[in-house]
Amino acid sequence: MVFTGETHGHRPQAYWGGYAVAKSGLETLSRIWADELDSNENLRINTLIPGQVATTLRARTHPGLSPDTLPGTDDLMPWYLYLMGADSRAVRGQIVECRI
């Protein structure tokens, strides 16, 4: 499993209250599940924090930011594929911040 985290959940800031709480809770949940299921070598649980990406939510929360200045969702695919692939078998219970 690969959960999608968010920078405000990883490093909370003012004015991101409920969203930051939800995303930090997701990080904690993924770490707990990864720890509880560590004996199952076929199951990995991690959280990927993609950073700023041109999404519908980003356009609503940052209307003055041009989406052309940000990576798109397709640019995240190599990170997700890595975390789901054989090369990352030892990566478990991690919070992975990608930089595109």
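Position 1 is the first residue of the sequence; numbering continues from there.
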What's the spacing between [X] [atom1] and [Y] [atom2] if we round to 0.5 Å?
| X | Y | atom1 | atom2 | value |
| --- | --- | --- | --- | --- |
| Thr7 | Ile49 | OG1 | CD1 | 7.0 Å |
| Arg31 | Asn46 | CZ | CG | 10.5 Å |
| Leu37 | Met1 | CG | CE | 7.0 Å |
| Glu27 | Glu6 | CD | CD | 10.0 Å |
| Leu76 | Leu48 | CG | CG | 6.5 Å |

Subject >> Heavy atoms of other groups near Asp74 CG, more than 12 under 6.0 Å >> reply: no
**OP:** Check the pair His10 / Thr47 against side chain to side chain contact (heavy atoms under 4.5 Å, CB included), numbers first and verdict last.
**Re:** CA-CA 10 Å; His10 194 62; Thr47 299; over 6 Å; no
Indicate the atoms forming the closest heavy-atom contact of [X] with [Y], along with that distance.
| X | Y | result |
| --- | --- | --- |
| Ala34 | Gly93 | CB-CA, 3.3 Å |
| Cys98 | Pro50 | SG-CA, 3.3 Å |
| Trp79 | Arg99 | CZ2-N, 3.6 Å |
| Ala54 | Leu70 | N-CB, 3.8 Å |

Using modelled atom types only, decide if a donor and an acceptor are shared between the side chain of [X] and the backbone of [Y] within a distance under 3.5 Å.
| X | Y | value |
| --- | --- | --- |
| Arg92 | Leu43 | yes |
| Arg44 | Gly85 | yes |
| Gln94 | Val96 | no |
| Asp38 | Asp35 | no |

Original post:
Looking at side-chain heavy atoms only, is the closest gap between Arg58 and Gln52 below 4.5 Å?
Top reply: yes
Subject >> Within one Ile-Leu-Val-Met-Phe-Trp-Tyr cluster: Tyr19 and Val21, side-chain cutoff 4.5 Å >> reply: no
Original post:
What about Val2 and Leu26, same hydrophobic cluster or not, with Ile/Leu/Val/Met/Phe/Trp/Tyr joined at side-chain heavy-atom distances under 4.5 Å?
Top reply: no
Original post:
Taking the inter-plane angle between the rings of Trp33 and Phe3 on a 0 to 90° scale, is it parallel (under 30°), tilted (30 to 60°) or perpendicular (over 60°)?
Top reply: tilted
Original post:
Which residues pass the side chain to side chain contact (heavy atoms under 4.5 Å, CB included) test with Tyr82, sequence neighbours left out?
Top reply: Asp87, Ser88, Val91
**OP:** Could you check Asp75 against Val53 for side chain to side chain contact (heavy atoms under 4.5 Å, CB included), going step by step and ending with a plain yes or no?
**Re:** CA-CA 9 Å; Asp75 297 317; Val53 179; over 6 Å; no
